[in-house]
2 protein chains.
Amino acid sequence: MPKKSPPLSVEKRRRSTGRVTLADVALEAGVSPITASRSLRGDAPVSDDVRARVVVAAEKLGYVPDPAARALASARGASIVLLVPMITNMVFVDLIESVHDVLFPAGYQALIGITHYDPAQEEKLIRSYLAHRPAGFLVTGFDRTEAARRLLADSGAPCIHLMEVTNATGIYSVGFSQADASAAMTEHLLLRGYKRIAFAAAQLDPRTLQRAEGYRRAMRSAKRYDPALEILNADQSSIALGGELLAQALKRKPKPDAIFFCNDDLAQGGVLAARRRNIDVPNTLAIAGFNDLNGSDQMLPPLTTIRTPRAAIGRTAAMMMLDLLRDADVPTLNVDMGYELIVREST
Amino acid sequence: MPKKSPPLSVEKRRRSTGRVTLADVALEAGVSPITASRSLRGDAPVSDDVRARVVVAAEKLGYVPDPAARALASARGASIVLLVPMITNMVFVDLIESVHDVLFPAGYQALIGITHYDPAQEEKLIRSYLAHRPAGFLVTGFDRTEAARRLLADSGAPCIHLMEVTNATGIYSVGFSQADASAAMTEHLLLRGYKRIAFAAAQLDPRTLQRAEGYRRAMRSAKRYDPALEILNADQSSIALGGELLAQALKRKPKPDAIFFCNDDLAQGGVLAARRRNIDVPNTLAIAGFNDLNGSDQMLPPLTTIRTPRAAIGRTAAMMMLDLLRDADVPTLNVDMGYELIVREST
DNA sequence: AATTTTTATGGTAGCGCTACCATAACGCCA
DNA sequence: TGGCGTTATGGTAGCGCTACCATAAAAATT
C-alpha cells in the first residue's frame, strides 16, 4: 500500500491562466485542437459541419484567440506597423484613422511609429518593430536608409509606401503626385493672372520638396520662374509661421502678387496675417494652400487649396495590405489616388 | 549493428527562424537561459559579473527579446492600451503623443483604441485588447459601462484614468477639473463686465457636460444664470459649427454680449464668423474658447481660452504607469494637473 | 479491381520565453 | 560544529498556438 499519493494533484495545470483556450473549444466541439485551429482560421480543408460545430463551441465558450501565442507559433503576428513622420500634422492623423478603421475590424492591430522625419530614427523603429513579427509594413514615402530598405525586404512582410507614387516596379505604393498637384495649383494662379507667385514652405521634408519642384516646373514653363520668390524655411510648420513667411515674402523683390504655401497650416496663418495687415486678399495678394485642412473653408477669405486624398490613401493601402496578406492577386502595384483643386475666394 | 541512422539529422531545428534567441545569448555567456533572462530583466538576484557577461553577449549577438514569447510566458505583455474617444480632435493627439513619448523608450508599445465616445464600443475594445495581455490600461474619463469597469478590475492590470479627476479612493487618475476650469473662464468674463454670457457647446460628451456645469455654477453664484443662454448641440464639433452656433446665439433673447464656446474649434469658427458679420469682438461681443489649440493665438482677434495640460497629463500618467508596473510605491492616486487661463484680445 | 490522387483529420513537437521548484554554496548565530 | 536561513544558479515544464508530418477515408484514375 503506497504511503503517499503522487505529488501531483488531479488537477495539476501549473500556471493556469483561466483563459479559454483552443483546446477547450476543441474538446467542446469533439475535434482535435488543430482541426479547431483550422476551422477558425479557414485556411485549410475542413468539412462544413465540423467547422460549424467549432464555431458554435467557440461562441459558446467565449473563445478569444491569443495574439501572442499565435505570433509565436506562426512567426507572423496580427499587427501591422504604420510609420508616419509625426502626428501633430492632421494629414497623418487622417491617414492613421483611415488605416485603423480598415485594419482593426479585420483583426489587425496597427502599431504606430513616429519617425520625426528622420531616416535614422525610422531605421531604428523598423529594427525594433521587426521583433514584434508584424504581418506587414505601411511606410510614408520612399526616402529611407539603404539598411532600412534591406530590413524591410528581408523581413518577408509586405510593405506599402504611402502618400507618394513611383513608377519603379515591384514596389507597392498608394498616393498621388505631390509635384503634379503643386504644379496644378501654380497653373491655377498663373491662369488667374498672377505673375509674381511666391512659394513659401517649411519643414522641407521630401514631399514638401516635391511640391517645390512642381511649382518650379509650372513657373518655368510659363517663363515666370524667379528663385527670389522661393521662401524655404526648415522650421516646423505652424499657423504662426505662416504669418512670418508672409511678412518675409512681402519684402522680396520682386514683391509677389500671390503666395502659394506648401500646406494649409501656413496658408491659414498667411491669410490671418494678411487680414491683420489690412492686405486685400485676393486683389492685392492671392493666397493658396495645400491639403484642405479643417478650417480652410472658414478662413477670411476662404482658402483656395489642394484637397489631398489622405483618408482614401489610408483606406486603399490598408485594403491592399489585407489582400496581400491573404495572398490574393494584387495586380496594381502603384495606385495614384489623384488630387482635387479647390478654388475658393483667396485667389 | 543498426541498419539505419536515426531519422533526425544532426541539426534538426524543425522550424528555425534564424532569430537570435535567449538560448544563444546564454550559450555565448556560458550561463543557463534562465540566468540570462534574469540578467537582462534585472528583477532577480544575479551576481554582477554574470550580469555583465550576459549583457555583453546580448550586445555582441544583437539579441532583441521577442515580445510575443515574453507575453506568452509571463501572461503579461509589454503593451499598454490607450483608449481615447477620437483622434481627429487635437487634444487627444497631444495626449497620444506624450504617452507614446514616455512609454516607447521604456520598451512599451502603446495600443491605441478609439471609442467614438461610445461606452459600448469601449467595452468591446477592452474585451478585445485583453486578449493581448496588456500590462496596463490608460482610459479617458470615468464614464463607462459596469461591465467595462469589471473587466478592467478583473484583468489585474493597472488602470489610470485621464483628463478628469475624482476624489473616489483606490482609483488612479491624472487630469484636471473640467468644471473648475470652465467656471474660471466664466468668472473671467463676469469680471470683465459681460452680463449675458452664452455657453455654446457641441459633442456633449462627459467632459463637455462638466464644463457646462462649471459655467452654470459660476453664472448662478453671480445671479446671472439664464437657461436661454445655453446652446447645446449634439453634432460633432468643428470650426464650421462654431459659426453656426454663433448665429444661433445671436438670435437668443436676451441677446448675449459674450459667448463661451466649450472648445477652441468652435471658438475659432465663432471669431471668424463674427469677423465675417462685422461684429466687433470683443466690444460688441466677447468670445472665449477652451483648450488653447494651435492657431487660437493667431485668430482675429487672438482668442481668450483655457490652456489645458494634456501633454503633461499624458506624460505624467505614462510615468505613473511605469512606476506601477515596476511596482514602486505610487502614493498619489489622483493627480490634478490644473489649467491656465490665457487672456487674449477676444474678451 | 488495383492504383494513384485528393481531402479531411490527428499527433507531435516546437515557437522563445519565464514561473516554479530544486539545489548548491555561502554565511550566520547559538 | 551543526542547524538554518539567505543568495546565486540551474532544471523542468509549460504559456497557447500552429507548422510539419502522418494517416485514414474518399474520390478519381488507370
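Residue numbers begin at 1 in each chain, while the letters A, B, ... track the order of the sequences.
- You'll find that the side chain of A:Tyr63 is closest to D:dC17, out of D:dA19, D:dC17, C:dT18.
- In the set C:dG16, D:dT12, D:dC17, C:dG16 carries the atom at the smallest distance from any side-chain atom of B:Asp66.
- Without hydrogens or angle criteria, B:Thr316 side chain to B:Ile313 main chain gives no donor-acceptor distance under 3.5 Å.
- For B:Thr21, whose side chain is taken as the heavy atoms from C-beta onward, the closest listed nucleotide among C:dG16, C:dA19, C:dG14 is C:dG16.
- Rounded to whole Å, atom C1' of D:dT9 lies 12 Å from atom CZ of B:Arg53.
- Listed nucleotides D:dC20, C:dT9, D:dG16 differ in distance to A:Val46; the shortest reach to its side chain belongs to C:dT9.
- Atom CG of B:Leu27 is separated from atom C1' of D:dG10 by 15 Å (rounded to the nearest Å).
- Looking at the side chain of A:Arg133, the nearest of the listed nucleotides D:dG16, C:dG10, C:dG16 is C:dG16.
- Distance NE2 (A:His132) to P (C:dC17): 13 Å, rounded to an integer number of Å.
- Here D:dG16 presents its P atom at 23 Å from CZ of A:Arg76, a figure rounded to the nearest Å.
- Rounded to a whole Å, the CD1 atom of A:Ile34 is 9 Å from the C1' atom of C:dT12.
- At least one side-chain nitrogen or oxygen of A:Thr35 sits closer than 4.0 Å to the OP1 or OP2 atom of C:dG10.
- Looking at B:Glu123 and B:Thr145, their side chains do bring a donor and an acceptor atom within 3.5 Å of each other.
- Counting only heavy atoms from C-beta on, B:Arg19 has its side chain closest to C:dG16 among C:dC17, C:dG16, D:dC17.
- One finds a side-chain N or O of A:Ser47 lying less than 4.0 angstrom from the OP1 or OP2 phosphate oxygen of C:dT9.
- Rounding to the nearest 0.5 angstrom, the gap separating the CZ atom in B:Arg127 from the CG atom in B:Leu125 is 11.0 Å.
- At D:dT18, one or more side-chain N or O atoms of A:Ser37 fall inside 4.0 Å of OP1 or OP2 (strictly under the cut-off).
- Atom CG in A:Leu72 sits about 9 Å away from atom C1' in D:dG16, given to the nearest Å.
- Put simply, B:Arg38 has no side-chain N or O that comes within less than 4.0 Å of OP1 or OP2 on C:dT18.
- Comparing C:dC17, C:dT12, C:dT18 by their closest approach to the side chain of B:Ala69 singles out C:dC17.
- Side-chain atoms of B:Arg70 lie closest to C:dC17 of the nucleotides D:dG16, C:dC17, D:dA19.
- The nearest whole Å value for the distance from the CG atom in A:Leu22 to the P atom in D:dC15 is 13 Å.
- Under 3.5 Å, the side chains of A:Gln109 and B:Tyr129 contain a donor-acceptor pair of N or O atoms.
- Under a 3.5 Å cut-off, the side chain of A:Arg76 and the backbone N or O of A:Leu72 do not form any donor-acceptor pair.
- Within 6.0 Å of CG on A:Asp48 lie no more than 12 heavy atoms contributed by other residues, nucleotides or ligands.
- Between B:Arg41 atom CZ and C:dG16 atom P the separation is 17 Å, expressed in whole Å.
- For A:Ser32 and C:dG10, the shortest distance from a side-chain N or O to OP1 or OP2 is below 4.0 Å.
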